[in-house]
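Every heavy atom of this structure was used, including side-chain atoms; hydrogens, water molecules and symmetry mates were not.
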Amino acid sequence: MSSSEIDPLISAVEALDTLAAGLVPERLSTLAGALALSTLCKRITPDRDLIDAAAGLDALASGRELDLNEEGRARAAKLAERVRRELPHASDDASS
């Protein structure tokens with residue numbers, strides 16, 4: 001995975017983490033993250049969590065608001081963890 005593919009995924013994680021904290025993510029992170037997840041979902045066979053993460057960020061990027069309760073914030077945290085698993089680990093870079 002190239003750096004140009006990783007950075008937007010990091011933006012997706014940051015946006016989801018911000019939602020999990022009960023805050024509104026920065027628009028740039030939201031847009032970059034939504035695009036990255038949409039692209040990822042087209043390149044692989046995504047699971048339900050990746051589809052939900054992509055849909056949530058896409059909704060925000062489209063100007064909709066997400067008023068998340070405690071359960072919604074917990075779900076955003078879970079989705080952030082799922083997207084993190086798509087990022088290469090530092091140890092993977094050392095072995096390349």
Side-chain angles (χ1 to χ4, degrees):
M1 189 174 281
S2 72
S3 174
S4 63
E5 293 172 313
I6 295 168
D7 291 344
L9 283 177
I10 292 171
S11 293
V13 170
E14 289 171 351
L16 291 164
D17 280 339
T18 301
L19 286 170
L23 304 170
V24 177
E26 291 183 15
R27 184 145 173 82
L28 184 58
S29 290
T30 303
L31 290 168
L35 181 59
L37 289 177
S38 175
T39 301
L40 180 65
C41 286
K42 289 179 174 98
R43 290 181 45 215
I44 66 170
T45 303
D47 59 24
R48 185 74 213 161
D49 287 342
L50 284 177
I51 293 168
D52 287 354
L57 291 187
D58 186 58
L60 281 175
S62 298
R64 288 183 261 160
E65 292 183 23
L66 297 180
D67 185 20
L68 302 179
N69 60 15
E70 187 176 331
E71 185 178 326
R73 291 188 301 274
R75 178 78 173 132
K78 179 182 177 188
L79 296 176
E81 285 303 316
R82 174 61 189 91
V83 175
R84 263 187 201 91
R85 290 198 313 260
E86 293 301 316
L87 295 171
H89 299 351
S91 60
D92 293 344
D93 293 337
S95 64
S96 300

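Connection of I44 to L79 is established within a shared hydrophobic cluster, with ILVMFWY side chains joined at heavy-atom distances below 4.5 Å, either directly or through further cluster members. Placement of V13 and L40 within a single hydrophobic cluster is found when ILVMFWY residues are connected by side-chain heavy-atom separations under 4.5 Å, directly or transitively. Linking ILVMFWY side-chain heavy atoms closer than 4.5 Å, directly or via other members, places I10 and L19 in a single hydrophobic cluster.
The minimum heavy-atom distance linking A54 with C41 is given by the pair CB-SG, 4.2 Å. Taking all atoms of both residues into account, the shortest heavy-atom contact from P8 to A32 is CB-O, 3.7 Å.
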Without placing hydrogens or testing angles, list every side-chain donor-acceptor pair under 3.5 Å for residues 45-52, not counting sequence neighbours.
residue	atom	partner	partner atom	Å
D47	OD1	D49	N	3.2
D47	OD1	L50	N	2.9
D47	OD2	R82	NE	2.7
D47	OD2	R82	NH2	3.2
R48	NE	D52	OD1	3.1
R48	NH2	D52	OD1	2.8
D49	OD1	R75	NH1	2.8
D49	OD1	R75	NH2	2.9
D52	OD2	R75	NH2	2.5

Review item, side-chain donor-acceptor pairs of residues 59-71, under 3.5 Å, at least two apart:
residue	atom	partner	partner atom	Å
S62	OG	D58	O	2.9
N69	OD1	E71	N	3.1
N69	OD1	G72	N	2.8

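Checked against side-chain contact (heavy atoms from CB on, under 4.5 Å), A12 has the following partners two or more places apart in sequence or in another chain: L37, L57, V83. For R84, the side-chain hydrogen bond (donor to acceptor under 3.5 Å, both in side chains) test picks out D17, E81, with sequence neighbours left out. Partners of T39 according to the side-chain hydrogen bond (donor to acceptor under 3.5 Å, both in side chains) rule, which considers only residues two or more places apart in sequence or in another chain, do not exist here.
For residues 19-36, the set of pairs meeting the side chain to side chain donor-acceptor pair (under 3.5 Å) definition, not counting sequence neighbours, is empty.
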